[in-house]
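Report on one structure; see the data block that follows.
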Amino acid sequence: MIIPNQSNIQLDAEGRLKHFLTIDGLNRELLTEILDTAESFAGVSERTVKKVPLLRGKIITNLFFETSTRTRTTFELAAKRLSADVLSLNISASSTSKGETLLDTLRNLEAMHCDMFVVRHADSGAAHFIAQHAAPHISVINAGDGRHAHPTQAMLDMFTIRRHKGDFSPLKVAIVGDIQHSRVARSQILALNTLGVEEIRIIGPATLMPADPESLGVKIFHNLEEGIQDVDVVIMLRLQHERMSGALLPSEHEYYQLYGLTDERLEAAKPDAIVMHPGPINRGVEMDSQVADGPRSVILQQVSYGIAIRMAVMAMTMQRQGGAQ
Amino acid sequence: MNHPATLSILNGHLIDPANGIDEPLDLHIAEGRILAIGSAPEGFHAGQLIDASGLIVCPGLVDLSARLREPGQEHKATIASETAAAAKGGITTLCCPPDTDPVIDTPAVAEMIQHKAQQSALCRVLPIGALTKTLDGEQLSEMVALKKAGCAVLSNALTPIRNTLIERRALEYAATFGITVFLRPEDPHLRNQGCVHEGPVAARLGLPGIPGAAEIVAIARDLALAEQTGCQIHFCRLSCGASVAKIRQCGLPVTADVAAHQLFLTEDDLVGFNSNCHLIPPLRSHSDREALRQGIADGTISAICSSHQPHELDAKEAPFPSTAPGLSGLETLLPLTLKLVDEGLLSLSDAISRITSGPAAVLGLPLGQLGIGSWADICLFNPRQRWQLTADEMLSHGRNTPFLGCEFTGQVTHTLLEGSITYHRATDTQST
C-alpha cells in the first residue's frame with residue numbers, strides 16, 4: 001500500500017465515538033459501553049414521563065433515502081426521549097427526483113443548523129461519504145447503507161442476546177439466509193466476533209453466501225439442521241422477493257423447504273435457544289408462524305430494545321461535543 | 001508542425017531500449033528527426049542546446065490509453081488540457097479510446113480529434129476507432145475508412161461485445177485489412193452490477209463484486225476467436241493473475257498491457273470507501289498484483305499505460321458505487337514505472353521499454369525509439385529528483401488520483417515532440 005490510508009473516521013482524537021457508521025474498527029470496550037449505556041436507558045421507556053433532557057435543544061435529522069418504518073420510527077422515538085427536536089425526511093420522494101446531488105441536500109440541511117444526521121441509503125458507503133463531507137460539529141449515524149452496514153440493528157441484537165444469555169464467550173450463533181446482500185448480517189458478524197462469541201455459523205445456499213466468507217470469521221453450513229445443531233441463538237434474515245428474479249433461488253417454496261425455520265427443526269438447537277429476526281418477517285418463507293410467535297421468539301423485544309440502543313448511540317456521539325447537560 | 005532547424009542534447013545518459021543503447025551519448029536533431037547519436041556530424045551547428053547533465057534521455061512515452069474527454073465531455077477535460085498534462089508526464093504519443101461523444105466511429109470524428117491535437121501541438125494523439133458503430137456491438141464500423149482517417153487500431157472500448165458471432169465477424173473483417181484490435185476482456189454478465197473486486201474487502205464493505213472469472217472467461221473466448229480468425233489482438237488493462245498465465249501459455253502472437261496503478265494498488269486500498277480507488281477493471285488481490293508484476297518482468301505484458309480517465313470533482317463526490325470509475329494517470333505513468341525499478345522488478349532500460357518501444361510495437365508504428373531518422377520524440381528526466389504529487393501542480397483537469405500526496409523519485413525536465421520542446425521544467429538544468 002503506497003497511498004495514504006483513510007483512518008477510522010468514526011472516532012475522534014481521544015478515541016471517543018464521533019460517528020456511528022460501522023462496527024468495523026470498534027473494540028470490545030466501546031461496544032460494551034454502548035450496551036451498558038443502552039441498559040441505563042432501557043428503564044426510561046417504562047416510566048410515566050418517558051423523557052430525559054440529554055439532547056435538549058439539539059436538532060436531529062432522519063435522512064432516509066430508502067423507505068423504512070421500524071428503523072425510522074425507533075430512531076424518532078429515541079431522539080424524542082432524549083428531548084431533541086426531530087426532522088424526518090423521506091428524500092427518495094423529494095430532492096433526488098429533482099436531480100439534486102446528495103452533497104447539495106446535505107449542505108441545505110447543514111444550513112438549517114442540524115446537529116446529527118441519521119442516514120439510510122441504498123449505496124454501500126453512503127454514511128461514510130456523508131460523515132466525510134458534513135461540517136465538523138455534525139455526527140452521523142448509519143441507519144443502513146446498501147449491503148454494507150446496519151450497526152444499530154446489530155447492537156440491538158447484541159443487547160437482546162446479552163439480556164437473555166449474559167456472557168457472550170460460550171455462545172454459538174447461527175445466522176440463516178441471505179448473508180450476501182444483508183447489511184444486518186455483516187454488522188452482526190463483526191459485532192459477535194468483537195464481543196468474542198465462541199462460534200458464528202452462516203447457513204444458506206452458495207448463491208446467498210458472501211465472497212470469501214472465511215475472511216469474515218464464520219463457518220459455512222448449507223444444511224439448516226446441521227447448522228443450528230447446539231446453537232444458543234438463531235438469527236433468521238429476511239429474504240427479499242427480488243432474489244428469485246436474479247436467479248439466486250428457484251422459488252420461495254423450495255427455500256422454505258430447505259431453510260424455513262419450524263418448531264421441528266428448532267429441536268436441533270439448544271433447548272433454551274432464542275430465535276431472532278430483524279423484521280419484517282415473511283411468514284411461511286423464512287419461518288413458520290408458530291416459531292415467530294412461539295416462546296423462544298424474542299423478535300418483538302428486539303424492536304423495543306432498538307429504542308434504548310439508538311438512544312445510547314445518539315447520546316454517546318453527542319456527548320463528545322458537549323451535548324450532555 | 002514547425003520544426004526548429006537544429007538542436008543538440010548534450011551530456012545526458014541515453015537509454016533507447018529498442019536499439020539496445022544504455023550509455024552516455026549526445027543526440028543531434030534536425031528537421032524534427034534524429035540526425036546523429038554521439039558526436040555531431042561534420043559541419044553541424046545546433047541552433048539550440050540542452051544540457052542534460054545528470055539526466056536520463058529516453059524516447060518519449062507512448063501511452064496506449066488516455067481519455068481526453070473531447071468531444072462530448074469538455075466539463076471533465078479537453079484535448080488542450082490533457083495533451084499539456086501528457087507533455088508534463090514525458091508522453092509524446094497517446095491513444096484516445098473511441099468512447100467519446102460522439103463515438104469515434106466515423107472518419108470525421110477521428111479527423112477532428114487529430115486536428116485539435118495538432119493545434120495544441122503538445123502530444124501526438126492517435127484516435128482508436130470504434131470496432132462497432134456507436135460501440136453497440138451489433139454493426140461493424142467502417143474499419144478501413146477509420147484506418148485511413150488515422151485510427152491506428154480499433155476497439156470497442158469498455159463495452160464488451162455481447163454476441164460472440166459479431167465479435168468473430170469483427171475480428172475477421174479487421175484481420176482482412178491487417179488492423180490490430182484492442183479488447184478489454186470482460187464478461188458483462190459476470191460483471192453484472194459489480195464495482196469492486198469480488199473478494200474479502202468487498203465482502204466486508206458490502207460492495208457488489210466483479211469476480212476474476214469475468215475477465216478470465218472473456219480472455220478464453222477472445223483467445224479462441226483470435227486463433228480462429230487470425231486477427232492481431234491486444235488485451236487491454238489486465239487485472240487478474242490467471243489472465244497473465246493464460247496469455248503466457250496460449251502460443252498466439254497476442255499482446256497485453258496493464259495500467260500502471262494496477263501494479264501498486266490492491267483491494268486493500270478501498271478501505272474507507274476511497275472513491276479515487278473506484279477503478280474498472282477493479283483493484284484485485286495481492287497475488288493478482290504479483291502475477292501482473294511477473295507478467296511485466298517476463299514480457300508477457302509488453303506495455304504499461306496510464307488508463308487516464310480525468311473526471312470533474314463532482315464525479316467522485318458521491319457514495320462509492322455511484323461515483324464514476326477511473327483515475328487521472330498521465331502525470332504518474334513515468335514515476336510509477338520508475339518505482340518498479342526502485343523495487344527491483346525491472347532494470348531501468350526494461351522499465352523504459354514498457355512505456356516506449358513496447359507499446360509502439362503493439363501499435364506497429366516506428367515510435368518509442370531514437371534510431372537515426374526517427375522522429376525526435378524525447379523525454380528527459382532527472383532520475384534522482386524527489387517530488388510530491390499535489391492537485392495544484394497537476395496540469396490535467398482531472399485531479400482524481402489516489403496518489404495525491406505520494407512522494408515519487410524521478411521527474412521529467414523536458415519533453416520534445418518532433419524536436420520541439422513541449423514541456424520544460426525550469427529547475428536545476430538549463431537550456432540555452
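In the text below, chain A, chain B and the rest are named by the order of the sequence lines, each starting its count at 1.
Among all heavy-atom pairs drawn from A:Asp212 and B:Gly199, the shortest one is CB-C, 4.1 Å. Minimum interatomic distance between A:Pro210 and B:Ala203 (heavy atoms only, all atoms of both residues): CB-CB, 4.4 Å. For A:His121 against B:Pro319, the heavy-atom pair with the smallest separation is CE1-CG, 4.1 Å. Closest approach of A:Ser124 to B:Gly206, counting heavy atoms only: OG-O, 2.6 Å.
Atom CG of residue A:Asp145 and atom CZ of residue B:Phe273 lie 6.0 Å apart, to the nearest 0.5 angstrom. In this structure, CZ on A:Arg147 lies 8.5 Å from CG on B:Leu207, to the nearest 0.5 angstrom. Atom OG1 of A:Thr22 is separated from atom CG of B:Leu205 by 8.5 Å, given to the nearest 0.5 angstrom. Here A:Leu102 contributes atom CG and B:Asp314 contributes atom CG; the two are 11.5 Å apart, rounded to the nearest 0.5 Å.
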Q) Hey, mind stepping through A:Phe129 and B:Ser322 against side-chain contact (heavy atoms from CB on, under 4.5 Å) and telling me if it holds? A) CA-CA 11 Å; A:Phe129 172 74; B:Ser322 299; over 6 Å; no
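There is no contact between A:His181 and chain B, counting heavy-atom distances below 4.5 Å. Looking at A:Ile130, neither its backbone nor its side chain comes within 4.5 Å of chain B, counting heavy atoms on both sides.
The shortest side-chain heavy-atom distance between B:Glu317 and A:Thr101 does not fall under the 4.5 Å cut-off.
Ranked by heavy-atom pairs under 4.5 Å with chain A, the first of B:Pro211, B:Cys277, B:Pro208 is B:Pro208.
Side-chain atoms of A:Arg186 never come within 3.5 Å of backbone atoms of B:Arg204 as a donor-acceptor pair (strictly under, hydrogens ignored).
For NZ of B:Lys316, the number of neighbouring non-hydrogen atoms (other residues, nucleotides, ligands) closer than 6.0 Å is greater than 12.
Remark: aromatic rings of A:His128 and B:Phe320 are distant, center separation not under 6.0 Å.
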